[in-house]
Participant: 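If you scroll down you'll find the structure; I have some questions about it.
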2 protein chains.
Amino acid sequence: MPVPVLNSGQTSGMGDTGSRTLRLLSLLQGRRWWPGAELAERLGVSVRTLRRDMDRLRELGYPVEAQRGVDGGYQLAPGAALPPLVLDDEEAVALAVGLQSAAQAPVAGTAEASLRALSKVVQVMPARLRRQVEALRAATVSAPWQQAAEPLPVGPLTAVAVACRDAERLRFDYVTADGRSGARHVEPHRLVPLGRRWYLVAYDLERHDWRSFRLDRVEAPRGTGARFAPRQPPAADAAAFVRAGIAALARPIEVEAVVRAPAAVVRQRIGRWAEAEDVAGEAGPACRVRMQADDEGWAVMALGSLGVEFTVVEPPELRARLREVAARLERAAGLSAAPQRTPTGR
Amino acid sequence: MPVPVLNSGQTSGMGDTGSRTLRLLSLLQGRRWWPGAELAERLGVSVRTLRRDMDRLRELGYPVEAQRGVDGGYQLAPGAALPPLVLDDEEAVALAVGLQSAAQAPVAGTAEASLRALSKVVQVMPARLRRQVEALRAATVSAPWQQAAEPLPVGPLTAVAVACRDAERLRFDYVTADGRSGARHVEPHRLVPLGRRWYLVAYDLERHDWRSFRLDRVEAPRGTGARFAPRQPPAADAAAFVRAGIAALARPIEVEAVVRAPAAVVRQRIGRWAEAEDVAGEAGPACRVRMQADDEGWAVMALGSLGVEFTVVEPPELRARLREVAARLERAAGLSAAPQRTPTGR
DNA sequence: GAATTGAGGACAGGAACTGGCACCTGTCGT
DNA sequence: ACGACAGGTGCCAGTTCCTGTCCTCAATTC
């Protein structure tokens, strides 16, 4: 039957209490305050039964609060546990888009949880909604200069996450750092957010060893359907394993700079990607900023965007890059408005 | 047996089929594949009853798929409608953080939906989780240079959204553009995402007229508990009303530039905030970019971050700003590593 | 104090749920 | 091809639970 969501409609004679309870939950989530009479009418039951439904909800642990007297009503309050969320299509799409951007740029502790939640949603999301999410994803470049972290499509990300969760073997094509590509067949162990990227720790079934894969180099991952018994992981901490692996290859640039602004301001702006500590400056507030970047352009923009004076301390190469960008901006300012001019661009 | 959510406990004698159905849903969402026997055991019912539960779910519209034979099992597939999501605490926090950042930087069509979903979650979220969200929010500055959109705390944003949804009067302090602050008492009508900000369209009960308020200037909004009957809105399209209001005051800068890169690349990087169209360039690909910004620095960074040559066409003032930034970067590059130097900064 | 609105007990009829059993139907391994 | 496995279905009997109605309280507002 074409049930929209938890609601068969007028329900002429059917007295299915389970579905009704969910509808009630949905109604309570959709508006803060409801008069009992209206709820009863919407659910197609008597007021007495509505009260019984409320009792049921309360027994299940939902903090349904009621107000008596004139203008009384019911309301769902924050409680100990989170009730099941009943979302409509638009909300689900928004949720997926939001969660995805949260998963892309992993915040402290929420990355894994974001991914788990995202997997749950995507797994049960109708195909048409998934297409919407994919379409909107293109619009959610979180930061223009953050090209290092190209947004991953939802599908692959969650596909891998689900495979990890369910201990399902995985096949994909992988492009190594030196550009060679090849098919892989692995037993996925865990997804690790590190820096601004996701890494997959997995047991490579052909190389018979543990490997870590950069997720943005994983192409077309697909579960094989074959489940496996979890192996002894290569390290107690999967993140440590990945860190050890990538430390051997490309190490990110360690940037250190002195910025003529209070540390608080810098933290506010660059946030999680930098550490800032105030230093004594004889010319107004200043702070020392340390950050990691795997792209010089990124660091330049992050610092330049602060809008205050700064000096680069640590990687001398960065100065050349700064001059380069400065020159480019200078050219952009100097050129006439006419689009045709010297092709200095790449 | 000690089921976390949706379960009152062992329920000695009560045959709570509704709760069990939800638990089943939760289990199915938490793992892709389940053998029937295990599910039955977890739910404490016979396999026969489990099958009936599956039937129930299917009747409710959930696409439960089953696999027969050795190694068979059940799995919840994407279907026509979205089932209620059963999330744990961490996932809920991640969801709130993600949705909030999605709501902060409104993407095309998802802003309102994000906010709706966020309201639903926050409304029923236990206080301890709300504190976690608030704590994590600080870490989610979406883009360093995007200082224009200081992140709004979750509380106020959703408080206003809920008040709009439920037609509840609202009190708050408001700081006008010229710095005066005062208490307001309004009937909130709608939240409108415009540019990178939220505006509240509301009927001001003291000034007896419709006003639009910039949400980041709204302080400590709190619902009064008094509900009101919706008035005739000031305009069919709330967004138009806001647009008319702010057009009278500070109009954003219209930036036009020619960038030496394909339009597709620019769109990818600056995404939703700019329109780009390819133009014929005799020196490689080029495109004309139009964007709105209410901050010159923003525009400079957006363009500068593209990493390619460009020229500013439209606001001549922007060129001065470009030179200024270029000079600053040049100074940052030229200065010695020692932090002490001429205080050219502001 | 009256009106409103939720809380809760009692009751009777009826609907629905549960477990068990038999049997069918795909799927996979031997 | 055969058998084991696991889900699908029909049926039955017993029990439970749900629902609407009627009535009385309790809290809140005017």
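These numbers were taken from a predicted model, which means no experiment stands behind them. Every chain is numbered from 1, with letters handed out A, B, ... down the list of sequences.
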Participant: D:dC17 phosphate, OP1 or OP2: any side-chain N/O from A:Arg56 under 4.0 angstrom?
Facilitator: no

Participant: For B:Arg184, what residues pass the side chain to side chain donor-acceptor pair (under 3.5 Å) criterion, not counting sequence neighbours?
Facilitator: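 Listed in chain order: B:Asp204.
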
Participant: Just so I know, are the side chains of A:Val133 and A:Met125 near enough to count as touching, which here means a heavy-atom distance under 4.5 Å?
Facilitator: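 Yes - at least one pair of side-chain heavy atoms lies under 4.5 Å apart.
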
Participant: Under the rule for side chain to side chain donor-acceptor pair (under 3.5 Å), what residues qualify as partners of B:Arg131, not counting sequence neighbours?
Facilitator: none

Participant: For residues 223-236 of chain B, which residue pairs pass the side chain to side chain donor-acceptor pair (under 3.5 Å) check, not counting sequence neighbours?
Facilitator: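 Residue pairs passing side chain to side chain donor-acceptor pair (under 3.5 Å), neighbours aside: A:Asp71-B:Arg227, B:Glu187-B:Arg231.
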
Participant: Expressed in angstrom and rounded to an integer, what is the separation of A:Asp53 atom CG from C:dG8 atom C1'?
Facilitator: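 That distance rounds to 15 Å.
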
Participant: Heavy atoms under 4.0 Å is the rule here; annotate nucleotides 21-30 of chain C 5' to 3' with B where the base is hit, S where only the sugar-phosphate is, and - elsewhere.
Facilitator: B---BBB---

Participant: In whole Å, I'd like the distance from the CD atom of A:Glu59 to the P atom of C:dG8.
Facilitator: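 My rounded result for the distance is 11 Å.
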
Participant: Counting distance alone, no hydrogens or angles: does the base of C:dG19 have a donor or acceptor under 3.5 Å from a partner atom on the side chain of B:Arg52?
Facilitator: yes

Participant: Between C1' on D:dA27 and CD on A:Glu65, what's the gap in Å once rounded to a whole number?
Facilitator: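 Rounding to the nearest Å, CD of A:Glu65 and C1' of D:dA27 are 15 Å apart.
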
Participant: According to side chain to side chain donor-acceptor pair (under 3.5 Å), who are the partners of B:Thr21, at least two apart in sequence or on a separate chain?
Facilitator: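 B:Thr21 satisfies side chain to side chain donor-acceptor pair (under 3.5 Å) with no other residue.
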
Participant: Heavy atom of residues 30-38 of chain A under 4.0 Å from DNA chain D: which residues?
Facilitator: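 Of all residues in residues 30-38 of chain A, none places a heavy atom under 4.0 Å from DNA chain D.
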
Participant: Under the ring pair (Phe, Tyr, Trp, His ring centres under 6.0 Å) test, which residues partner A:Tyr74, sequence neighbours left out?
Facilitator: none

Participant: Residues two or more places apart in sequence or in another chain: which of them pass side chain to side chain donor-acceptor pair (under 3.5 Å) with B:Arg190?
Facilitator: none

Participant: For the helix from C:dG1-D:dC30 to C:dT30-D:dA1, what is the angle between the axes at its two ends, each from 5 pairs, rounded to 10°?
Facilitator: 60°

Participant: Donor-acceptor pairs under 3.5 Å, side chain of residues 115-122 of chain B to any protein atom, not counting sequence neighbours: which ones?
Facilitator:
| from | atom 1 | to | atom 2 | distance (Å) |
| --- | --- | --- | --- | --- |
| B:Arg116 | NE | A:Glu91 | OE2 | 3.0 |
| B:Arg116 | NH2 | A:Asp88 | OD2 | 3.2 |
| B:Arg116 | NH2 | A:Glu90 | OE1 | 3.1 |
| B:Ser119 | OG | B:Leu115 | O | 2.8 |
| B:Lys120 | NZ | A:Val86 | O | 2.9 |
| B:Lys120 | NZ | A:Glu91 | OE1 | 3.1 |

Participant: Could you state the atom-to-atom distance from CG of B:Asp71 to P of D:dC5 in whole Å?
Facilitator: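 In whole Å, D:dC5 P and B:Asp71 CG are 13 Å from each other.
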
Participant: Mark yes when over 12 heavy atoms from residues, nucleotides or ligands other than A:Gln67 sit less than 6.0 Å from its CD; otherwise mark no.
Facilitator: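 Not more than 12 within 6.0 Å, no.
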
Participant: With B:Glu38, which residues qualify under side chain to side chain contact (heavy atoms under 4.5 Å, CB included), at least two apart?
Facilitator: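 In terms of side chain to side chain contact (heavy atoms under 4.5 Å, CB included), with neighbours along the sequence ignored, B:Glu38 is linked to B:Arg31, B:Trp34, B:Pro35, B:Arg42.
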
Participant: Closest nucleotide of DNA chain C for A:Met54 versus for B:Thr49: which of these residues is on the 5' side?
Facilitator: A:Met54

Participant: Going by the rule ring pair (Phe, Tyr, Trp, His ring centres under 6.0 Å), which residues pair with A:Trp210 if we only count those two or more places apart in sequence or in a different chain?
Facilitator: A:His189, A:Tyr203

